[in-house]
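A, B, ... follow the sequence lines: proteins, then strands. Residue 1 opens every chain.
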Amino acid sequence: MTPFPIDSIIELTYLIATALFVMSLKWMSSPTTARHGVWAGELGMLLAIVGTLLNRSIVDYKWVAIALVLGTIIGVPLGKVQMTAVPQRTALSHAFGACCVTLVGTAEFYLRAPAVPKFMMSVLSMEVILGSLTFTGSLMAAGKLQEILPQRPILFKGQNIVNLGMLLVAIGVAVFLVLHPDHTYLFPALLAIPLLFGVMMIIPIGGADMPTVISLLNAYAGLSASAMGFVLDSKLLIVAGALDGASGLILSVNMSKAMNRSFSNVLFGGFGQEQTVAKGGKETRPVRSASPEEAAEILAVASKVVIVPGYGMAVAQAQHKVRELYDNLTKRGIDVKFAIHPVAGRMPGHMNVLLAEADIPYDKLLDMDEINGEFPQTDVALIIGANDVTNPAARTDTTSPIFGMPILDVDKAHTVMVIKRSMAAGFAGIDNPLYYLDKTLMLFGDAKGFVGSIVRELSGSGNHG
Amino acid sequence: MTPFPIDSIIELTYLIATALFVMSLKWMSSPTTARHGVWAGELGMLLAIVGTLLNRSIVDYKWVAIALVLGTIIGVPLGKVQMTAVPQRTALSHAFGACCVTLVGTAEFYLRAPAVPKFMMSVLSMEVILGSLTFTGSLMAAGKLQEILPQRPILFKGQNIVNLGMLLVAIGVAVFLVLHPDHTYLFPALLAIPLLFGVMMIIPIGGADMPTVISLLNAYAGLSASAMGFVLDSKLLIVAGALDGASGLILSVNMSKAMNRSFSNVLFGGFGQEQTVAKGGKETRPVRSASPEEAAEILAVASKVVIVPGYGMAVAQAQHKVRELYDNLTKRGIDVKFAIHPVAGRMPGHMNVLLAEADIPYDKLLDMDEINGEFPQTDVALIIGANDVTNPAARTDTTSPIFGMPILDVDKAHTVMVIKRSMAAGFAGIDNPLYYLDKTLMLFGDAKGFVGSIVRELSGSGNHG
Amino acid sequence: MKMDLITSLYVFMLAAIVGLEVIRRVSPLLHTPLMSLTNALDAIAVVGAILLAGEHKTTLSTVLGTIAIVAATSNVVGGFFITDRMLKMFKASRSPKP
Amino acid sequence: MKMDLITSLYVFMLAAIVGLEVIRRVSPLLHTPLMSLTNALDAIAVVGAILLAGEHKTTLSTVLGTIAIVAATSNVVGGFFITDRMLKMFKASRSPKP
Ligand SMILES: NC(=O)c1ccc[n+]([C@@H]2O[C@H](COP(=O)([O-])OP(=O)(O)OC[C@H]3O[C@@H](n4cnc5c(N)ncnc54)[C@H](OP(=O)(O)O)[C@@H]3O)[C@@H](O)[C@H]2O)c1
Ligand SMILES: NC(=O)c1ccc[n+]([C@@H]2O[C@H](COP(=O)([O-])OP(=O)(O)OC[C@H]3O[C@@H](n4cnc5c(N)ncnc54)[C@H](OP(=O)(O)O)[C@@H]3O)[C@@H](O)[C@H]2O)c1
């Protein structure tokens, strides 16, 4: 009866951690259980790290300890960023993850070189290639989202050929190294080329497309982590990487579907640029606009209101004012719901997070599919800083760049009110026929300010009445 | 550049087979793709078998070939059985599967004995214990369903203690063998005891409970196959076993839920017996009964009819007559749907298969949850050989043994017609208040015969009109 | 051995999760064919039996292996056969109405 | 090595299927937290980095390992932290109406 050896204990912690990670994602399926998900994830992570620290092959804890402390110190502020900064934070953490994977891969190569078995070398190359291009790519994405770098896509002739070429060269080198691992001097190329490729890959992509790109990079990051798992023969790592990859893939597919655009269009389309070029002769048709007073009166007499938030609400940080509006209207017994388009804002679930931050109960936030049926019975559809996701052209105008993109059928409501600062176009850079309907009232102004004055009016009239 | 070694090719076939097996089950999610599922499964199986035959450690193909041929010869008739015989066929094939697993396990033990590593010995014992009890258990189940063995449960005092005792002894022996594998003479006990247990386990269970039992045995069979996978270190086998186990588990849970009974109640309740003892003083309240003519007239003037098939339809083989009725009514422009209770009949999906066999389109077969809302708008609910699944007592009468079991709300229909041979009770052995409602008409007779005469009437009157 | 155990556990755990996730979504329409299909898939145990009978290590192992092959093969053939027969029977209306 | 490759492939394949099945069912409400959560989980790569830095085989490996730990740890801490912060914000109505 030998006692249970330490190695099997470690292996067991990894197994349990794997199970916890899967549970963690299962619990994310509903907001009621989601927090258990986080706890499960944390517990699994803790188990795995402690288990690793027990490993007898660790001879020196000094650097490990220092690094763990340092990482924590950097991590805390990254966990405290504003909700509006979440996209760039996500991009940044992809960069960190990829960085970790690439460095480990590099070290592993030089520890094993020159006698690296074929299979080992192939996963190693995959690990470092994916890792390093994800690293620079994510940094670029973060930069564009933080608006340190120019938002608009930079295009030059033959760009795609050049990029493709680089990628092929990198793969070629990898193949050569698999066959002749003794040519270790070639290895740095497996880092350098993808690092450059990562930059070139992002340059031609518009700032507003970054979310889709981030999700793709998320998938890459996951794959590289899995590859690392193959190298270190760590099943836990393989599973975690696969899960991460799957989520990145699903999110990017969702987004392109909801935008009715193909990956290639996102990656090579240079879409964001169109923002500048206005489609055809600028519209000059008249629109009806209204003041906060009028808007307030219309809302006050409504019995069912649907609020459609968009990127503008995020930019204006208007969610708290919107919450006041919601409270005021519900107090009057008006049924208020929120219509959330899958790609409203600039990242998946953007609107949900902002509105949740403003304490609006999540059962009032309805998916496009859930709410679209309700617009015909809706008295007022109040659009706050949304544009493309309400553009009827997507349904009718086959020539429109967003034709076929599923939209919120706000035009079916009795009255439509649109809060935005101007007649300017949205992300897709196209005009919105909705604004010229007779039932539509344009409420020009900053989302936060305008909603604020509506609320003031309402509470005012509330006192009179 | 060594050529790709044969072993890795074999391993690859196994990997692909695993993927195909998973796909196969994914495709079962809808009838439109289900057949692809079968093909994927077949392809996977073929790949795996061919891969195995390539294995260089096979020195003699004679017996393998003979066995494969023999197996096929036995398999074909097993694939041709009547739809009504499917339950016992399923039970029988569990027995075969378990037999295979047990024999291989036994052989593996004697090949390795006496020097069997602890872990190996523990999975081995699990394999043979589960395998052998599933073997006899399934045989018993098949016997009861085929009515070779007495249907009703045989109960004697202290039965459960005896059974439990046997199981514990078997486990005890297993543990001992794990610690002292050199006592090989004990191994036969790991076969004998569970074989006996399998018989004892089924004796106290009523024939009609067999489906639930079969699903449980299905789960066991899967688990033992997985254990075998552990022994032979075959991932493919582990996966296949796990999938099989999962399906068995899910089906048995579904069934007990739909019957509102716990496993323990199914396994130790001796439920089926109540069939004989009539609940309380036999009902003598009057019921309204009607002739095929009257029934036909009522149906002819209806605009929405819901047919509720049950075990009786299966026994009477009435599905083809029912199909004629369906055709006749739909031709008259009457909207005819079928209400399928999850446990109508004697196995999961029993009714669906029979009605599909009679060429009734599956989009007319509605789940309990889908159809229950429609009964209030239904003119005629025609119940054909169903009883318990329509028993309103399950909703109201807390003393009823089936209280809490979800049922079809036929009593909400304007008129209810019940085709059965007598006032006799159904599987649960209890009286059905439904039959005494004023809106209810009893149509006494054999399902096949009665439906047949209704159809004759209808086509007759069809000619007159 | 130990390592084998662990990796096998990973495979078993993940496969079980996949099974539960996937099979929970099988249409109740198809629960009978589902039973016979999983049954046929489970008979993949035949590969183990084939090796046993083919390696011909001892008479016992060969005999047991041979019987095992027969049992499993009959499941494979019968299982797939009847499943396909059942599924062939499921047809949608020519013009499916809601 | 070969065997490792194969078993690793099994694990990867099954894990990918689990991922696709499970994550497809994550409520769209939670797609932002989902991103940061998977991100934190992915940082499990830290275990590899810890071994690398701890085993102290060469100066290079130790240095790279140490940096790697820092990068990964910051993801772990930051990722879980912000995910939980976001999820805390999601509240149902006191009296949820249909
Ligand atoms: N969610 C994602 O994951 C994602 C990812 C990539 C791309 N996208 C794209 O982003 C777009 C999202 O659609 P959307 O309707 O939410 O946004 P949008 O179409 O970009 O329109 C936003 C509107 O808000 C207005 N606005 C900006 N700042 C404002 C402020 N401070 N106050 C009031 N209004 C303001 C702008 O009009 P004014 O300038 O006149 O004020 C603009 O028309 C879609 O085209 C989608 O494809 C989304
Ligand atoms: N589906 C499953 O997986 C499963 C598994 C285990 C148990 N069960 C149980 O089986 C029962 C199924 O409910 P059910 O309503 O379908 O069946 P049931 O409650 O058993 O009733 C069947 C009825 O059909 C009538 N019948 C029998 N032979 C007939 C014939 N030749 N012609 C016309 N009628 C005939 C019988 O009445 P007469 O004798 O008066 O004709 C009997 O009352 C449930 O209690 C369920 O819990 C189901």
Give the member of [options] that has the highest number of heavy-atom pairs under 4.5 Å with chain D.
| options | value |
| --- | --- |
| A:Ala225, A:Ser247, A:Ala358, A:Gly248 | A:Ser247 |
| A:Val69, A:Ile250, A:Leu78 | A:Ile250 |
| A:Leu53, A:Val81, A:Asn254, A:Val86 | A:Val81 |
| A:Ser30, A:Ala48, A:Gly349, A:Ser234 | A:Gly349 |
| A:Pro77, A:Gly79, A:Gly75 | A:Gly79 |
| A:Thr106, A:Leu365, A:Thr72, A:Leu92 | A:Thr72 |

Start with the C-alpha gap between A:Glu108 and D:Leu52, add the side-chain angles, then the distance that decides, and say whether side chain to side chain contact (heavy atoms under 4.5 Å, CB included) holds.
CA-CA 8 Å; A:Glu108 290 292 334; D:Leu52 200 58; 3.6 Å; yes
Side-chain donor or acceptor of D:Arg85 paired with backbone N/O of A:Met83 under 3.5 Å
no
Show the nearest heavy-atom pair for residues [X] and [Y], with the distance to one decimal.
| X | Y | answer |
| --- | --- | --- |
| A:Pro348 | D:His31 | CB-CB, 3.7 Å |
| A:Leu223 | D:Phe12 | CD2-CZ, 3.9 Å |
| D:Leu41 | A:Ala240 | O-CB, 4.0 Å |
| D:Val26 | A:Met28 | CG1-O, 3.6 Å |
| D:Ala53 | A:Val64 | CB-CG2, 4.1 Å |
| D:His56 | A:Val59 | CB-CG2, 3.7 Å |

Region of [X] that comes under 4.5 Å of a non-hydrogen atom in chain D:
| X | result |
| --- | --- |
| A:Val239 | both |
| A:Lys80 | both |
| A:Val123 | neither |
| A:Met228 | side chain |
| A:Asp335 | neither |
| A:Tyr110 | side chain |
| A:Ala95 | neither |
| A:Leu232 | side chain |
| A:Ser93 | both |
| A:Leu243 | both |
| A:Ile360 | backbone |

With side chain to side chain contact (heavy atoms under 4.5 Å, CB included) as the criterion, how do A:Lys235 and D:Thr7 come out once you've worked through the C-alpha distance, each side chain's angles and the decisive distance to 0.1 Å?
CA-CA 9 Å; A:Lys235 309 282 175 268; D:Thr7 50; 4.1 Å; yes
Is it the backbone or the side chain of [X] that comes under 4.5 Å from a heavy atom of chain A, or both, or neither?
| X | value |
| --- | --- |
| D:Leu34 | both |
| D:Val47 | both |
| D:Leu60 | side chain |
| D:Leu9 | both |

Which residues pass the side chain to side chain contact (heavy atoms under 4.5 Å, CB included) test with D:Val70, not counting sequence neighbours?
A:Ala67, A:Leu70, A:Ile74
Please rank [options] by heavy-atom pairs under 4.5 Å with chain A and give me the top one.
| options | value |
| --- | --- |
| D:Ile17, D:Leu51, D:Val76, D:Thr83 | D:Leu51 |
| D:Val18, D:Ile82, D:Leu14 | D:Ile82 |
| D:Val77, D:Leu64, D:Thr32 | D:Thr32 |
| D:Asn75, D:Leu20, D:Leu30, D:Val63 | D:Asn75 |
| D:Val22, D:Val11, D:Thr58, D:Asp84 | D:Asp84 |
| D:Asp42, D:Thr66, D:Ile50 | D:Asp42 |

Do [X] and [Y] have side chains that approach each other closer than 4.5 Å (heavy atoms only, starting at C-beta)?
| X | Y | answer |
| --- | --- | --- |
| A:Leu25 | D:Leu37 | yes |
| A:Trp63 | D:Thr62 | yes |
| D:Val46 | A:Cys100 | no |

Distance in Å, [X] [atom1] paired with [Y] [atom2], rounded so as to fall on 0.5 Å steps:
| X | Y | atom1 | atom2 | result |
| --- | --- | --- | --- | --- |
| A:Asn352 | D:Met89 | CG | CE | 10.0 Å |
| D:Phe90 | A:Asp363 | CZ | CG | 12.0 Å |
| D:Lys57 | A:Ser57 | NZ | OG | 7.5 Å |
| A:Cys99 | D:Ile67 | SG | CD1 | 7.0 Å |
| D:Leu29 | A:Asp367 | CG | CG | 7.5 Å |
| A:Met45 | D:Ile44 | CE | CD1 | 4.5 Å |

I would like to know whether A:Leu68 and D:Ile69 meet side chain to side chain contact (heavy atoms under 4.5 Å, CB included); could you show each step before the answer?
CA-CA 6 Å; A:Leu68 286 173; D:Ile69 298 179; 3.8 Å; yes
